[in-house]
S.K.: 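Once you've had a glance at the structure underneath, I'll fire off some questions.
All heavy atoms count here, side chains included; hydrogens, waters and symmetry mates do not. Chain letters run A, B, ... following the sequence lines, proteins first and then strands; every chain starts at 1.
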Amino acid sequence: EVQLEQSGAEVKARGQSLKISCKASGFDFSNSWIAWVRQTPGKGLEWMGSIYPGDSETTYSLSFRGLVTISADKSIRTAYLQWSSLKASDTAIYYCSRQLSSYLDVWGEGTTVIVSS
Amino acid sequence: TQMTQSPSSLSASVGDRVTISCQASQDIGNFLAWYQHKPGKAPKLLISDASELESGVSSRFSGSGSGTFFIFTISSLQPEDIATYYCQQFDNVPSLTFGGGTKVEIK
């Protein structure tokens, strides 16, 4: 079964760092693009960026470039999204998804990140 | 490419036909998808390539359009269809853009 298992909810203070994960199973992880998508009540779904674990090629939305880092470890079939210094505005639900061609066909259940001020 | 989705919300009765539109700021061919997102759940891909229904998705859902204007239709609204629906385009793989979403409620 094709699955993406995301790490659990996080509550962090402003300024702290954070790395959340997305573990894949049931498909060729190294040869698939993995996307990260943010959900906020005010802005809906926003694509943040994608990574190709086979060679770690990464592309970012202009809105998120420089604000987050997307990485992957193909040996353990896991993709990551990380922040070096969280802001209150990073409070959201973050989804990873398999990007099949140009659509997102399989999604993780989401990781809730709450940043307290 | 910017995606303008409308309406942002709608309320309809069970059995009604519901339509949502999505306009692209430039020609994207038929490279458009529609997703259903229920609270507390992961989004679900319903339609790809503007009109191709994903396997296992109810035939109540359909999509049409090409170029810059696209339509998503629910032929007969059911209570389980309550969700927010998003269009999504790609014009420079793997860069993606979502529309603003349409929240569908039962009247």
S.K.: So do the side chains of A:Gln99 and B:Leu96 get within less than 4.5 Å of each other, counting heavy atoms only?
M.R.: yes

S.K.: Mind checking the CG-CD spacing from A:Leu86 to A:Gln16? Nearest 0.5 Å is all I need.
M.R.: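 Answer for the CG-CD pair, A:Leu86 versus A:Gln16, is 7.5 Å.
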
S.K.: Does either side chain, that of B:Glu54 or that of B:Ser48, offer a donor lying less than 3.5 Å from an acceptor on the other one?
M.R.: yes

S.K.: Under a 4.5 Å heavy-atom cutoff, which of B:Pro43, B:Gly40, B:Gly99 has the most pairs with chain A?
M.R.: B:Pro43

S.K.: State, yes or no, whether a side-chain contact exists between B:Ser9 and B:Glu105 at a heavy-atom distance under 4.5 Å.
M.R.: no

S.K.: Select all residues of residues 105-117 of chain A having any heavy atom within less than 4.5 Å of some heavy atom of chain B, and report them by number, or 'none'.
M.R.: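 If one takes a 4.5 Å heavy-atom cut-off, the residues of residues 105-117 of chain A near chain B are A:Asp105, A:Trp107, A:Gly108, A:Glu109.
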
S.K.: Report yes if the side chains of B:Gln5 and B:Phe98 come closer than 4.5 Å at any heavy-atom pair, otherwise no.
M.R.: no

S.K.: Taking the six-membered ring for Trp, are the ring centroids of A:Tyr95 and B:His37 within less than 6.0 Å of each other?
M.R.: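 Ring centroids of A:Tyr95 and B:His37 are less than 6.0 Å from each other.
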
S.K.: Hydrogens and angles aside, do B:Ser21 and B:Ser6 bring a side-chain donor and acceptor to less than 3.5 Å of each other?
M.R.: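 Note: B:Ser21 and B:Ser6 side chains meet the donor-acceptor criterion.
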
S.K.: Check each atom of A:Tyr103 against the heavy atoms of chain B and say whether the ones under 4.5 Å are side chain, backbone, both or neither.
M.R.: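 Contact with chain B is through both the backbone and side chain of A:Tyr103.
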
S.K.: Evaluate the criterion salt bridge (charged side-chain N to carboxylate O under 4.0 Å, His left out) for residue pair A:Glu5 and A:Lys23; output intermediate values, then yes/no.
M.R.: CA-CA 5 Å; A:Glu5 184 178 353; A:Lys23 185 171 178 60; over 6 Å; no

S.K.: Under the 3.5 angstrom rule, does the side chain of A:Arg77 hit a backbone N or O of A:Ala24 as a donor-acceptor pair?
M.R.: yes

S.K.: For A:Tyr94, check ring pair (Phe, Tyr, Trp, His ring centres under 6.0 Å) against everything at least two apart and list the hits.
M.R.: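 A:Tyr94 satisfies ring pair (Phe, Tyr, Trp, His ring centres under 6.0 Å) with A:Trp83 once adjacent residues are dropped.
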
S.K.: Hey, what do you get for CZ (B:Phe90) to CG (B:Leu32), rounding to the nearest 0.5 Å?
M.R.: 9.0 Å

S.K.: What residues of residues 58-88 of chain B make heavy-atom contacts with chain A at a cutoff under 4.5 angstrom?
M.R.: B:Tyr86, B:Gln88

S.K.: Is a donor on one side and an acceptor on the other found under 3.5 Å between the side chain of A:Lys74 and the backbone of A:Gly54?
M.R.: yes

S.K.: May I ask you to list the residues in residues 61-70 of chain A that approach chain B closer than 4.5 angstrom, counting heavy atoms only, ordered by number?
M.R.: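 When heavy atoms of chain B are the reference, residues 61-70 of chain A contributes no residue within the under-4.5 Å range.
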
S.K.: Are any non-hydrogen side-chain atoms of A:Leu4 and A:Phe29 less than 4.5 angstrom apart?
M.R.: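 The answer is no; the side chains never approach within 4.5 Å.
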
S.K.: Is A:Glu46 reaching over with its side chain to a backbone N or O of A:Arg38, donor-acceptor style, under 3.5 angstrom?
M.R.: no

